[in-house]
Peer 1: 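Structure incoming, see below.
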There are 2 protein chains.
Amino acid sequence: MKLSTKGRYGLRALLDLALHQGEGLILLKDIARRQEVSLPYLEHLIAPLIAAGLVKSARGAHGGVSLLKPPSEIKLSEVVQLLEGSIAPVDCVNNPMLCHRSASCATRDIWTEMKRAMSQVLDSMTLQDLVERQRQKGQAETEMYYI
Amino acid sequence: MKLSTKGRYGLRALLDLALHQGEGLILLKDIARRQEVSLPYLEHLIAPLIAAGLVKSARGAHGGVSLLKPPSEIKLSEVVQLLEGSIAPVDCVNNPMLCHRSASCATRDIWTEMKRAMSQVLDSMTLQDLVERQRQKGQAETEMYYI
DNA sequence: TAATTGTTGACTAAAATAATCAACTTGATA
DNA sequence: TATCAAGTTGATTATTTTAGTCAACAATTA
């Protein structure tokens with residue numbers, strides 16, 4: 001029941017991008033440095049986000065990436081779905097045909113309920129919420145230096 | 001974000017055991033057949049449940065396994081924890097020291113919230129709930145034959 | 001055209017998963 | 001007490017997934 005690095009690093013990369021919104025194109029290299037992810041790997045993490053239209057990219061000198069939609073319109077459920085695929089703990093939750101026991105399987109109901117609970121969390125949060133949360137933490141961190 | 005077969009088969013095995021409660025010792029072989037899991041694999045799935053005191057076992061002829069606690073006192077969260085380990089989507093949720101970014105990481109808050117939502121589902125359900133749910137399904141299934 | 005930046009696909013090492021197999025221990029019973 | 005029927009444990013293995021790296025390529029700008 002663990003998230004892979006795609007989901008973890010990918011969401012962090014997207015948050016990084018959202019935090020630098022309005023600064024034009026952001027270099028993948030800079031995101032990689034700030035988020036402590038290797039550049040070649042980050043490229044693979046960003047790819048599905050570009051393909052899905054969440055992020056736009058420009059090659060060449062002065063190229064980079066930036067958000068294509070406002071953070072308030074990007075639900076975390078969408079991001080996790082893109083990076084990790086379905087959040088369902090078991091495949092039969094999405095596709096009952098995968099197992100002939102599905103119709104009469106009580107445990108499947110549990111996994112379905114778990115998926116619902118997880119989706120509720122991720123559906124109710126946007127990238128904007130994450131940005132605000134991060135800014136608060138950043139603020140708190142800065143204040144620490146004065147103690 | 002997938003459950004492994006340990007969690008899936010293991011919970012099914014325990015439900016099977018609960019459904020046959022009061023029938024004395026149940027053969028692993030029978031559970032394996034009913035749940036369509038290989039016997040050698042099932043043995044490994046049952047082991048942690050025995051070690052944790054949820055299941056008692058008897059070797060030798062007329063041996064077998066049975067529940068040691070009433071199903072109503074076995075929370076699904078406990079079962080999943082035993083079979084799969086922590087349900088936390090990321091290890092840093094349980095142990096912030098694993099990553100030096102923990103204190104200032106907003107995404108970690110998301111994963112913490114997800115863990116809470118998942119735990120709530122599994123904490124609020126017992127094996128008894130699962131038994132009742134299964135009996136209803138079994139009932140519905142039986143009725144089908146008369147149509 | 002040279003430098004910079006993102007894109008893509010091939011490849012690989014390491015780890016986790018999902019088992020199987022075999023040797024062993026225990027308990028019941030003939 | 002010999003034997004058989006269980007469960008127990010540890011070693012081993014094949015497969016899949018994960019987490020990357022590397023290199024060739026494409027596009028853009030100065």
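Proteins come first, then strands; the chains are lettered A, B, ... in the order of their sequence lines, and each starts at number 1. Worth knowing before you read on, the calculation uses all heavy atoms, side chains too, and leaves out hydrogens, waters and symmetry mates.
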Peer 1: I need the NZ-P distance between B:K56 and C:dG27, as an integer number of Å.
Peer 2: 13 Å
Peer 1: Please report the shortest heavy-atom distance between B:S66 and B:L25, naming the atom on each side.
Peer 2: OG-CD2, 4.1 Å
Peer 1: Report yes if at least one side-chain N or O of A:S57 is closer than 4.0 Å to OP1 or OP2 of C:dT7; otherwise report no.
Peer 2: yes
Peer 1: Which donor-acceptor pairs under 3.5 Å do side chains of residues 111-119 of chain A form with protein atoms, sequence neighbours excluded?
Peer 2:
| unit_1 | atom_1 | unit_2 | atom_2 | d |
| --- | --- | --- | --- | --- |
| A:T112 | OG1 | A:R108 | O | 2.8 |
| A:E113 | OE1 | A:R116 | NE | 3.4 |
| A:E113 | OE2 | A:R116 | NE | 3.2 |
| A:E113 | OE2 | A:R116 | NH2 | 2.8 |
| A:K115 | NZ | A:N94 | OD1 | 2.8 |
| A:S119 | OG | A:K115 | O | 3.0 |

Peer 1: Would A:E132 and A:Q128 count as having a side-chain donor-acceptor pair, cut-off 3.5 Å?
Peer 2: yes
Peer 1: Scan for salt bridge (charged side-chain N to carboxylate O under 4.0 Å, His left out) pairs involving residues 43-62 of chain B, sequence neighbours excluded, and state none if there are none.
Peer 2: none
Peer 1: Is it true that A:Q81 and A:S86 share a donor-acceptor pair across their side chains at a distance under 3.5 Å?
Peer 2: no
Peer 1: Expressed in angstrom and rounded to an integer, what is the separation of B:L42 atom CG from C:dC21 atom P?
Peer 2: 16 Å
Peer 1: Please tabulate, for the side chains in residues 14-23 of chain B, all donor-acceptor contacts under 3.5 angstrom to protein atoms that are two or more places apart in sequence or on a different chain.
Peer 2:
| unit_1 | atom_1 | unit_2 | atom_2 | d |
| --- | --- | --- | --- | --- |
| B:D16 | OD1 | B:H20 | ND1 | 3.4 |
| B:D16 | OD1 | B:R34 | NE | 3.2 |
| B:D16 | OD1 | B:R34 | NH2 | 2.8 |
| B:D16 | OD2 | B:R34 | NE | 2.9 |
| B:D16 | OD2 | B:Q35 | NE2 | 2.8 |
| B:H20 | ND1 | B:D16 | O | 2.9 |

Peer 1: Check every strand shown and say whether A:I46 touches a base, only sugar-phosphate, or nothing at a heavy-atom separation below 4.0 Å.
Peer 2: nothing
Peer 1: Only pairs at least two apart or in different chains count here, so list each salt bridge (charged side-chain N to carboxylate O under 4.0 Å, His left out) that has a residue in residues 86-104 of chain B.
Peer 2: A:K2-B:D91, A:E36-B:R101
Peer 1: For DNA chain D, what residues of residues 19-29 of chain B have any heavy atom nearer than 4.0 Å?
Peer 2: B:I26, B:L27, B:L28, B:K29
Peer 1: Once you round it to whole Å, what is the distance between C1' of C:dT17 and CG of B:L45?
Peer 2: 12 Å
Peer 1: Just by protein heavy atoms under 4.0 Å, how would nucleotides 17-30 of chain D read 5' to 3' in B, S and -?
Peer 2: --SBB----BBBSS
Peer 1: Ignoring hydrogens and angles, state whether a donor on the side chain of A:S4 or A:E84 is under 3.5 Å from an acceptor on the partner side chain.
Peer 2: yes
